[in-house]
Every structure is written in C-alpha cells, then in structure tokens.
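Below is one structure, written out as structure tokens; the observations come after it.
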Amino acid sequence: MDKHFDAATAEARISAAWEERGCFRAGANAKPAADGGPAETFSIVIPPPNVTGSLHMGHALNNTLQDILCRWHRMRGFDVLWQPGQDHAGIATQMVVERALAAAGEPGRHEMGREAFVERVWQQKDESGGIIIGQLQRLGASCDWSRNRFTLGRTDDDQMSRAVLEVFVRLYEEGLIYRDKRLVNWDPYFETAISDLEVEQVQIRPRKDAGKLWRFRYPLADGATYEAPVAWDEDGTPTRHETRDYIVVATTRPETMLGDTGVAVHPDDARYAHLVGKHVVLPLVGRRIPIVADSYADPETGTGAVKITPAHDFNDFDVGKRTGLRVINVMTSKAAMFLEGNADFLADADPEPDTLALDGKDRYEARLRVVELMEIAGLLDGVDDNPHLVPHGDRSKVAIEPFLTDQWFCDAATLAKPALEAVKAGDTRFAPENWEKTYFQWLENIQPWCISRQLWWGHRIPVWYGPPKDDSVPIHGLAYSSKDWVPFCATDFAGVREQAEAYYEGRTAFEFDASRYDEKNRIKLPVDRVMEDFQNAGQEHNFHMGLVEDETMDPERVVVLNRDEDVLDTWFSSALWPFSTLGWPDETSQLERYYKTDVLVTGFDIIFFWVARMMMMGLHFMKDDTAKPEVPFHTVYVHALVRDEHGKKMSKTLGNVIDPLDLIDQYGADATRFTLTAMAAMGRDVRLSVSRVEGYRNFQTKLWNAARFCEMNDCVPVAGFDPASPTRPVNRWIVGETVRMVAAVDEALAAYRFNDAATTLYDHIWKTFCDWYLELSKPLLQGEDAGAQAETRATAAWALDRIIICLHPIMPFVTEALWEETGARAGGRPGMCAHADWPVLAQDLADADADAEMGWTIRLIEGIRSLRAEMNVPAGAKLELVMTGHTPAVAMRLLRNSELVQRMARLSEVAVAEHAPDGSVTFSLDDCAISLPLAGVIDVEAESARLTREIDKLVKERKAVEAKLANERFLTKAPAEIVAENRQRLETLAGEITRLEAALARLATLG
RNA sequence: GGGCGAUUAGCUCAGCGGUAGAGCGUCUCGUUGACAUCGAGAAGGUCACUAGUUCGAUCCUAGUAUCGCCCACCA
C-alpha cells in the first residue's frame, strides 16, 4: 500500500466500478425480510437540481446526507431506491439560454419564435444536462442513475408530461384550478407573472428615483375646502388650522398617479368627513376622481388621505373593489407607461401633452418626470427620504409590478387542508421539529397559487379556447378577447376536440398550429392552419383570432381552437416528483412498491416552494391500500444552508463561494463529505471552513495508514471470525469498543444526527483504534507468542473491517478502496464495500473487565507521559515505575500489562513496593500512587509546585463534593446513583489528596 | 408587526440537569517506528447578562442585550 490514498485517481475508478456492477440499482443488495418476504424498501427522491445548473455547496450537503441514508440502508439489506433527476426550471433555464443567445450574438427568443426557441432550449438541455449528474457522481451519490428522470417531457405524451397534464385536468375538473383576472406579481424583465414565493423584499435606500416619499397636492373639485391642522401642542392636539382646497397624498411610486381613480380617507376621520363623495381633479391627467371612505386609510399616517391606484397596488385594488373605483392600467408588460391609445386611461380624462409624452417611457424615467411636472404645476408638497422594502423578482432582480392580467390559479387553500392535517397527525414528521411551525404558519395563511407563466419553456397549459357557442360573428376575421373565450381542458387535443364538438353541436374543431404563425407575412392559411394575431397590448393578453381564408370550408361547420400560450410554474411539476418519477399516472409496480417514499432531505428555503406542494399533490392524488390519502414521505429532514466561514451566505458578488468541486479536487470527495456531515448539526447553519476539510483529509490518511499497518502485520480478515473468541484483554476491549461504536452510529443515523455519527467514527478510528488499540497491540503482533499474535491479527482485521463498513456511508471512496486492499490477502471480497453487510453485534460482546483493565492501563500510560513531559524528561530516557498503595488485584493488573506500559511510556522497569523511593515524582491513579524515581534529575521546586497545584485543585473539588454530600436535601432528593457516585468520588479524591500530600512531604525532606 | 434561531476556547462549531468537548490555530518535545497529511504533552472558557425553577443550571422557564433568518407590511 502507498503511504497516502490517491483520491483523484481512485475516485474515478471506484465510481466507474459501482456503475458497471449496478451497485445502486434499486433492489441491489436487497435481503429478504425476516419472514422471507420481499426486502423492506427505502426510497428517497432527490431534490432535482436545475438541468442547466452545476453542483454548489448546498447540493453537496443535501446529497451527501441522502447518500449516507441510502448507503446505510443498502448495506443493511433494504431495497433502496434513490431516485435521481433534474428539473426543467422554467425561468432559470430560459434565462440561461436567452443569455447564451445574447452572448453569441444570435437572435433573441422573440425573433426565433416559440418553436425554434424551445428547440434551442432542448439542445442546451441535451448539451449541459449531464454535467450535474457527473458532478453528483463525483460526490459519490449512489442514485439509481438508470432511472434518471426529467420534469419535462419532449412531447405531451411523454410520461412525465402526462403526469402534469393529468393533474392539471383533474384539478380543473374539480374546480381547484381556475382562470381569473386579478392583480398578480408581474416581472417586467421576464414579462411573466410570478407567484408570491418568487418575490423577495429588497430594502431600497434613498436615491434619486426611489426610496423616497413624494407628497402631492390633489386639488379639490367644485370649490370644496376643508380645515387642515397646521400646528399642534405637546399632546398632539391641533392648535391652528388653515383652509385648504387640496388634499395632500403621498406615494413612493409617483408614476402610478396617472392611474389613480380615487382618494381614500378613513370613515371616522372628521377632517375629511364632509369631503367623502366629493371629487378631486387628478393633476396632469385631468380626471375627476372621487374621495371615498375606506378603513384602509390610516388617519395617523401622513395626512390620513391616500391615493388609490387599483391597477397597480394590491391594497388599492381591494379598496377599489370595495368602493367601486375604476381600474386603469397605465403600464405595459415591460413596465413602460402605456397612455396613448389606452382607452381606459383616456376615458373621461384630459391629459396634458407633457403627460402624454410619457407614453412608452420606462417607469423610473416616468417617475422623475411626473415629480417634475407636479413641481412645475406647483403641486409638489414635499419629498422625504423613505427607505423601504420593494418587492423584486427573485430571478430577474428587478422591481415587480402588481399587474392586472388573466392567469391560472390553483386553489391552494383547499389542497392545503389535508397537507396540514397529515403533519398534525404525524403521518409526516419534520426533523428538526420546529420547521413544522413554519410549515403550519404558511399553509394556514396560504393564498391562491398563480401557476401560469408567460414563458415558453415549460409544460404548456392543456387548455384550448374557442368562441362562444352563441356568438354569431363568423369565424373569418374573428377577434376575441379573453373574457369571451370558452375553455376546453383535456390532456390532449383529441379529448379537447371531443368536448368542443359536443359543445359546438357538430361543428368540426381544429387546433391552431402555432408553427404556422408568421407575423410578418400574415399569410392567409386554410382554416385548419389558421394563424393567430397575438398582440400583447400591455395590460393583458389580448389574443385576436387571425384571418381564416379557405372559401371551400363552411364557416358554420368549423370552429378553431387556440391553445393557451402560457406554461405552468416549474414547481407545479416538481410537486408531483415523488409519484411522477415512479410512473404515475400509469399504475406501475414501481409506484406500488416505492411510494410513499421514506425521507425527503432538503434545505429549509424550499419548504414552501416544494415540500408543502408535494404534500398537497401527493395527498390529493395518491391513496394507500385502504384508499386513504397517502403522504409522499414520512419524514422531512431539513438541513441548514451552507454559509461561508463567517456565516455569510455564499454569493458570487461577495466572492466567498466555495465550489465543492474545487474541494473535491483538492481534498477528495470523502473529506468534503465528512466535513459537511460533521457540521450538519440539526437546525444550525453550516459554516464551511476549508481548514476543516483539510483536517478530515488528514483523518482519511490516518485511517489509510492504520490499514497499511494492519497489512504490514498480516492482519488479514479471517473468515468466520467470532468476535467473542479473543481472550487477551486488549482484543476483548477493542471488540467492546467496536460494539459501542456501531451502536452509536446506528443510533445517530436513525435519529438523523449525522454529525454525531461522524464524531463517533472520528473518535473511534483516530483515538480508540489508531492511538490506542494499534499501539497496544504492537507487543502482541510483534511478540513471540504465536497464539496471541494470531488472535490479535484476526481481531485487528475484524475491527478494521467494521470501521471500513461503518465509515462507508460517509466516506465511500476511501472505504471502498480499503475494502479491496484489505480483502486482497484474504482471497478477495465477495462484493463491494457498498454491499458489505452492516454489522449487527450483540451488546454482550463488550467485556466489562477488559474495558476496566484497558481503561486503567491507558490512564496509567497517559499519566506517565504527562509527568515525563512536565518534568522535561528527555524523550529517549527510560524510567523506572514504582506503584504503591495498591491492592493485590491492581498489582496483578499492572504486572499483566507491564510490557505494554513499559513500551508505551518508555519505562525500563515496573515494580510494586510498600513505599515510594525518595526523589521520585508521583501521581495518583484510582486507588494507587504511581511514582517515577527521578533522583538527580528532579527539579524539586517545580515538582512541589506541580503537586501543590494539583492538590489545590483536588481539595477545591473535594470541598464541592463534601458540600453536596452535607446537603440533606441533596441526599434525599437526588437520585441514589448520583449520591453514590459523589460518595465514590469523595473517596477517590481523598485518596488522591493523601497520596499527593505524602509525595509532597517526601519531596520536602529531599529539598 | 408575527415567527424562528443564535450567543460555549483565539477562529469555526459540537454538547449537556450532576468532572466543559472537537477541528483549526498557539506553545513544548519527538523523525530506525503504519502515518510529519504524524506522534507525545501543554496552555487556553464567569458556557452573553439578570431573575426564577431545582438538591444541583452552561443546559429548563421568563426577561434583557446583541446578531442572524423567515413571513407580512404604512401610502
């Protein structure tokens, strides 16, 4: 064996071997259940990474933990399915491709057209989709790659797409999906609606065009006035008023004032009571808008009057609805002003030319200009800095606009109920538990989920629209607005056609073919190849049916259906992941066998996006044997975010991103994995420091060299070795330590305490096995006693094997390599380490006597070493040891282990005596005193100082224990074993103090 | 505004109702030794603060301070 484990070359080789042998296929290594039936299953679905993404630290942590669970179960004989896959990630992927097009100077998506663009995205997916898989494999992820899935099918009849369409259609039919026109979060960069979850609030600091609060004066119409307070006393009571003919309102978005349709005051606000029902004249626009009473207006805030722009503010929309205000949209889908040709805006208005000149201007430009125009008009009352939160699109990073559009919504509140109940009933549990609260809180206040996106990359909504049946307008040149459309929803056009032809009573339905769309040429096409004139007029999708020119067809006999242009939110398909990957909607044996899955491992940032929605969809569509709705997984393990060393979120702009692949290159996948595991304490952030990775790389080397030592000493695994068979205390002791280690690892993993498992292994391997067992075994391995040697070789090999097996889930590569290395001399291993049998060890293998003896021996050696170092005894010098104050049993113990102690503590002789020799240094060990004669070399002063210090410490402790034992209430109330423990401790302390004091006295005579 | 979490060694973090731990760093000593990616030893802590519960609190409870995150928001 080499001195070091060469991770770089070994990892690739081992990875390939696992794949070649199908080690991770579902069912590989599965063992029959106790009753002889099929193996118990253990299934996990991977949180599918974005298909164009690459592995980041969050993935590394997430997949390491999943891999640990999967490997652990696989070794224990479960039928493990770790289902891999990738997400089509609508916005993110479309963004990547659009950027790539722009960077390459190629035409943008609008120039390309939908079909060509989507094809281009598929091309991108085919090119880069495998990258993330390769990266996961480098990490060692033991997914069943033969079952890799993608959330989006190439065609609607692909199973993964059928699942999505099926769900959509069923929910539509149940009334849980519906189309509605309402304000949505509109991303002007991507020109799509986004859900509430995709909006993040960003703190805006005051700058020229944002982060300010502008106050405007809206003149009262018809000569109305009111008394406004202008001075207040200390209590805030107005002391002086002035008569005003205007109302002051404030806004952080001045450009929206062009769409104002009212001013609201609180119904109880005496200042304005008599103005309710009167009007103001909207400056710049010349529109008379009413003053309405609505409790939304807060009398304490500002002037108590608030401008109402129903089309551009969520609160205002509600106020407008309650008070019957008009809704006037003044922006395009790109958040530019939409004024000219805007019938809603122009109705009953008399806009100034300067105002109309804003048409087409960007919202921020328009904002500044509106302020300017108001100032010129003398109506700017003032402006204050006003840092505030502004909603931004989480991907585009631009400010979102509330925007009035037709969108598809999912009745999340209805679906949320079973999802809530399932967690409350314990059908699904969160670990750590406190995330349940977060989950509840969100689901209890859940709003309708906007599921339609105005993107091209995604599952296209399976709804086709046709004209109203009683519409007498001929099919030729027909223009519909969305509200008139009659929707037909089915998983494919055949189903739609059936519905439509029934609805239209025998007219033949044709599907609009988007690929024939050619805006430039406006080709006149036959009716079955009708073209569409799609105009995005800004405030909403206004689709106009195109010309239909085929005189041979009878318009009365024909109807043209137009498929909805929108695609579904990516998370809609992700929500189906636990069952769509298993073949749903087909009733497959895989679904039967592996659903529900066992554990979902995820970061808390997607509990709402993903976990909650999987719960909703799983419970809605899946049933168990008793027809009861079935959760998608029984446990959700929520891990933390990976941050940098100082707790900062890793981000490109901060430049603190650690690339897991760099770590793997430099330190190996195992060290990277071990670090993440050791730091993955439940409920805490993971602050990743490279020095720790290095430390665990060293740990790997340590283990490697321990195995190398075993090899050099012919510690070869013995077939059928019985761990109860060793007779030497050292060997019996390491068997016991191994039993405890395995139990602790099992317990930790069962409780998802990954860091405990890692710590247990680290300590066992480095401290127990390497530092002590291997050292203690050297005399036996290298000694004359052939029996002891054979026993020790077998025991060491056995203990090392248990170590390799138990470490495998966390460090799969080095353990696989060691499995091969250590098995080579035993004639090879029957299988790979990934399929090794997880140890099942009887607790009674641990021998208490051996534990006590070795524990004592270790402490003796430590004591001697400590004293030598403190007394500056040269490392090479061999000392004598004299034990005093001992019982015969302890003397026997010392003599039994004298060879070990001599070797490890560098002693020339070990003896027992009545009295310690003069000129010796002494320490106390349990019931005896250990003296090292150092006559001549001893620094009396230093030694007496050391002893005094030691005695002081012990006396102090004795005092504390005495006080405890003198406390009547302690004696009566504390558990008996604690009391006994303290009594024992007092006795020990007293003995130690006595012995050390005696040593100190002896020293005094010497000085 | 609502919720969650944190505060332990120089740094990064575990832990726990009864003797305070790890990694890295620091200091001393050590290479014929499986491993210098190492070994032996050591130094370093009022477990944020205050009060309570308890025989006993770093741990449980409440409050305070500081920091972080999530959700919802004032025009």
Side-chain angles (χ1 to χ4, degrees), chain A residues 1 3-5 196-197 201 213 215 249-253 256 264 296-298 300-309 313-316 386 388-389 432 434-435 437-438 441-442 445 604-605 607-608 640-641 643-649 667 671 675 678-679 681 683-713 755-756 758-759 762-763 770-771 774-775 778 861-862 865-870 872-876 904-906 957 960-961 964 967-975 977-979 981-982 985:
Chain A
M1 282 175 77
K3 262 188 167 182
H4 304 291
F5 172 60
D196 298 346
L197 283 176
Q201 304 293 334
L213 188 64
R215 295 195 305 276
V249 295
T251 180
T252 55
R253 296 187 298 153
T256 63
Y296 168 67
D298 176 7
E300 304 297 323
T301 303
T303 59
V306 54
K307 66 190 270 300
I308 301 297
T309 322
D313 183 282
F314 290 102
N315 287 312
D316 291 6
N386 179 38
H388 62 284
L389 296 173
N434 56 302
W435 289 108
K437 214 165 179 175
T438 308
Q441 206 182 329
W442 188 67
N445 299 300
F604 60 78
D605 51 330
I607 289 179
F608 304 149
L641 251 43
R643 299 172 180 280
D644 79 358
E645 211 169 338
H646 305 289
K648 294 230 167 64
K649 216 169 173 170
Y667 300 106
T675 307
M679 303 192 79
R684 297 273 304 233
D685 286 343
V686 173
R687 295 197 193 181
L688 187 72
S689 67
V690 176
S691 64
R692 248 181 116 146
V693 183
E694 192 181 344
Y696 291 127
R697 188 274 319 266
N698 296 351
F699 167 64
Q700 169 185 282
T701 306
K702 185 73 184 174
L703 171 62
W704 184 261
N705 279 288
R708 188 161 159 255
F709 171 83
C710 289
E711 188 200 41
M712 293 166 82
N713 285 280
N755 58 313
D756 283 354
T759 308
Y762 187 92
D763 287 345
C770 292
D771 287 351
L774 291 186
E775 293 302 331
K778 278 176 185 173
I861 294 166
E862 283 175 335
R865 284 173 174 172
S866 178
L867 215 50
R868 290 178 62 115
E870 223 162 327
N872 293 315
V873 177
M904 295 189 65
R906 288 183 185 265
E957 203 182 329
V961 177
K964 231 183 228 184
N967 185 341
E968 191 58 37
R969 288 190 299 178
F970 173 73
L971 296 176
T972 53
K973 296 206 173 179
E977 68 184 51
I978 295 291
V979 175
E981 204 178 290
N982 276 276
R985 175 110 192 99

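Chain letters run A, B, ... following the sequence lines, proteins first and then strands; every chain starts at 1.
In this structure, B:A34 makes no Watson-Crick or G-U wobble pair, since no nucleotide meets both defining distances under 3.5 angstrom. Nucleotide B:U54: unpaired (no Watson-Crick or G-U wobble partner with both distances less than 3.5 Å). With a 3.5 Å ceiling on both atom-pair distances, B:U46 lacks any Watson-Crick or G-U wobble partner. B:G1 is paired with B:C71 under the criterion used here, namely a Watson-Crick or G-U wobble arrangement in which both key atom distances are under 3.5 Å. Look at B:U28: its Watson-Crick or wobble partner, with both distances under 3.5 angstrom, is B:A40. Of the nucleotides present, none pairs with B:A20 by Watson-Crick or G-U wobble criteria with both distances under 3.5 Å. The partner of B:A65 is B:U7, judged by Watson-Crick or G-U wobble contacts that both fall below 3.5 Å.
With A:Thr701 contributing its side chain and A:Arg697 its backbone, the two residues share a donor-acceptor pair below 3.5 Å. Side-chain N or O atoms of A:Ser866 include none that pairs as donor or acceptor with a backbone N or O of A:Glu862 at under 3.5 Å. The backbone N or O of A:Thr309 lies less than 3.5 Å from no partner atom in the side chain of A:Asp313, so there is not a single donor-acceptor pair. Proximity of a side-chain donor or acceptor of A:Arg868 to a complementary backbone N or O of A:Ala905 within less than 3.5 Å is detected. A donor-acceptor pair is defined here as one N or O able to donate and one able to accept, closer than 3.5 Å; no such pair exists between the side chain of A:Arg215 and the backbone of A:Thr303.
Between A:Arg969 atom CZ and B:U54 atom P the separation is 9 Å, expressed in whole Å. If you measure from atom OH of A:Tyr667 to atom P of B:C24, you get 12 Å, rounded to the nearest angstrom. In this entry the distance linking CZ of A:Phe970 with P of B:C55 reads 12 Å, nearest Å. Rounded to whole angstrom, the span from the CG atom of A:Asp196 across to the P atom of B:C70 amounts to 16 Å.
Spacing between B:U19 and B:C59 at atom P, rounded to whole Å, works out to 13 Å. Taking atom P on both B:A14 and B:A51, the two are 28 Å apart, rounded to the nearest angstrom. A distance of about 34 Å separates the P atoms of B:C16 and B:A72, rounded to the whole Å. B:G44 and B:A62: their C1' atoms are spaced 33 Å apart (whole Å). Nucleotides B:A20 and B:A57 place their C1' atoms 14 Å apart, quoted to the nearest Å. The P atoms of B:A34 and B:G39 are separated by 13 Å, rounded to the nearest whole Å. The P atoms of B:U58 and B:C35 are separated by 46 Å, rounded to the nearest whole Å. Between B:U64 and B:G56, the distance separating the two P atoms is 26 Å to the nearest Å.
Residues A:Met904 and A:Asp771 approach most closely at CE-O, 4.4 Å, considering heavy atoms. Taking all atoms of both residues into account, the shortest heavy-atom contact from A:Leu688 to A:Val693 is CD1-CG2, 4.5 Å. A:Lys702 and A:Cys770 get closest at one heavy-atom pair: CE-CB, 3.6 Å.
Contacts of A:Asn967 with the nucleic acid, taken as non-hydrogen atoms under 4.0 Å apart, involve only primed sugar atoms and P, OP1 or OP2. Using a 4.0 Å heavy-atom criterion, one finds that A:Asn315 contacts the sugar-phosphate atoms exclusively. Within 4.0 Å (heavy atoms only), A:Thr972 reaches no atom of the nucleic acid at all. A:Glu957 comes within 4.0 angstrom of a nucleotide base, judged by non-hydrogen atoms across all strands. Among the protein residues, A:Thr251 comes within range of the sugar-phosphate backbone only, with heavy atoms under 4.0 Å from sugar or phosphate atoms but none that close to a base. Residue-level contact check: A:Pro975 touches the bases, meaning some heavy atom is under 4.0 Å from a base atom.
Across the interface with RNA chain B, nearest-nucleotide mapping of A:Phe604 and A:Gln441 shows A:Gln441 to be the residue nearer the 5′ end. Positionally, the nearest nucleotide of RNA chain B for A:Asp763 lies more toward the 5' end than for the other of A:Asp763 and A:Ala297.
Of the candidates B:C55, B:U19, B:C4, B:U19 carries the atom nearest the A:Lys964 side chain, counting heavy atoms from C-beta on.
No hydrogens or angles were tested; on distance alone, a donor-acceptor pair under 3.5 Å links the side chain of A:Arg985 to the base of B:U19. For A:Ser691 against B:C24, a side-chain-to-base donor-acceptor contact under 3.5 Å is absent.
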Under 4.0 Å protein heavy-atom contact, by nucleotide of nucleotides 31-41 of chain B - B base, S sugar-phosphate only
--BBBSBSSSS
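Ring pair A:Tyr696/A:Tyr667: centre-to-centre distance not below 6.0 Å.
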